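Here's the structure, in structure tokens; my notes come after.
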Amino acid sequence: MGNRSWFVKGLRDGFPICMGYFAVAFTLGIAAKNAGMTAFQAALTSLLVNASAGEFAGFTLIAAGASYLELAIMMLVANARYLLMSCALSQKLDEKTSLLHRMLIGFDLTDEIFGVSIAVPGKLKPIYTYGVILMALPGWSLGTYFGVLLGNILPAAVVSALSVGLYGMFLAIIIPPARENKVLAGIIIVSMALSYLATKTSFLQGSSSGTVIIVLTVVIAGVAAVLFPVKEEEDAE
């Protein structure tokens, strides 16, 4: 296929992602509104960050009055997986692909965009991923924008109820793999317990909530990686 055909295919594959992003980002906009952000600020953040968990963590830290340094460290920790995705996807690009194309794709890479791009047979043409990006990411940004707008209009009780939606999304992400992996289920339970204890005891007393989130994330993930390393699948005979 030519570049035009690949671009159109990217737009078509990005449409269902756009619809899903709009629905999920709506509740993210509620979180941004609770952090005191305007609709424009929240939409611009979603357009530039493109990360549900990372943005939610960021909005939570902003609402808690965290420092810029805490916010930067949390973004690095929460979005570190995109470094690995970018490296993996770069292997599907033709070796003659310019650094500019690689950087543009890496900047706007998300889990879903990575999924459809890595599934392309043969070498990946950047024009395909650009089509997916141009279709999908506006849904994420607009969903956040309208989430803030409606958060300013709807009654407080309704806004509070809608803000639970993002937690429901996270539960939908972690419950299926947790049911299949007892180790992962145990780590999730420990994370929840330690997070609760950090708010009720003198654990890390005097530290901001942003520092507590960063410390717990790094420590729990580090200990889990050492005690329960993921075994590489053996090559098929």
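Residues take their numbers from the sequence shown, with the count starting at 1. Here the structure is a predicted model, which means the values were calculated and not measured.
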With the side chain counted from C-beta on, respond yes when [X] and [Y] share a heavy-atom pair under 4.5 Å apart, and no when they do not.
X    : Y    : answer
T60  : F56  : yes
F228 : V223 : no
L149 : F146 : yes
I113 : L137 : yes
K9   : D13  : yes
L89  : I118 : yes
W6   : V120 : yes
L47  : W140 : no

Are [X] and [Y] connected in the hydrophobic side-chain network, where two residues link if heavy atoms are under 4.5 Å apart?
X    : Y    : value
L61  : L48  : no
L28  : L71  : yes
F7   : L100 : yes
V183 : I189 : no
L134 : V116 : yes

For L99, the rest of its hydrophobic cluster, which grows through side-chain links under 4.5 angstrom: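 Members besides L99, by chain and number: M103.
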Residues in side chain to side chain donor-acceptor pair (under 3.5 Å) contact with T110, at least two apart in sequence or another chain: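 Once residues adjacent in sequence are excluded, the partners of T110 under the side chain to side chain donor-acceptor pair (under 3.5 Å) criterion are Y21.
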Residues in side chain to side chain donor-acceptor pair (under 3.5 Å) contact with D108, at least two apart in sequence or another chain: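 Checked D108 against side chain to side chain donor-acceptor pair (under 3.5 Å); matches are N50.
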Locate the shortest heavy-atom distance separating [X] from [Y]; write the atom from each residue and the value.
X    : Y    : answer
G139 : C18  : CA-SG, 3.6 Å
S141 : A43  : OG-O, 2.8 Å
V148 : G29  : CG2-O, 3.3 Å
Y82  : D111 : OH-OD1, 3.1 Å
R102 : D94  : NH2-O, 3.2 Å

Check whether [X] reaches the backbone of [Y] with its side chain - one donor and one acceptor, N or O, closer than 3.5 Å.
X   : Y    : value
T97 : L93  : no
K92 : G122 : yes
Q91 : A88  : no

From [atom1] ([X]) to [atom2] ([Y]), nearest 0.5 Å:
X    : Y    : atom1 : atom2 : value
L44  : Y145 : CG    : OH    : 12.5 Å
I105 : L124 : CD1   : CG    : 5.5 Å
Y128 : R12  : OH    : CZ    : 9.0 Å
S98  : L104 : OG    : CG    : 8.0 Å

Side chain to side chain contact (heavy atoms under 4.5 Å, CB included) assessment of F26 paired with L150: CA-CA 9 Å; F26 185 87; L150 291 181; 3.2 Å; yes
Test side chain to side chain contact (heavy atoms under 4.5 Å, CB included) applied to I220 and I187, step by step: CA-CA 8 Å; I220 295 173; I187 293 172; 4.0 Å; yes
Atom CZ of F59: over 12 foreign heavy atoms under 6.0 Å: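 More than 12 within 6.0 Å, yes.
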Test side chain to side chain contact (heavy atoms under 4.5 Å, CB included) applied to T45 and E55, step by step: CA-CA 8 Å; T45 300; E55 279 189 69; 3.9 Å; yes
Y130 vs H101, side chain to side chain contact (heavy atoms under 4.5 Å, CB included): CA-CA, chis, key distance, verdict: CA-CA 10 Å; Y130 292 153; H101 283 308; 2.6 Å; yes
Polar side chain donor-acceptor pair, S46 to T144, under 3.5 angstrom: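 There is such a pair (donor and acceptor under 3.5 Å, judged by atom type) between the side chains of S46 and T144.
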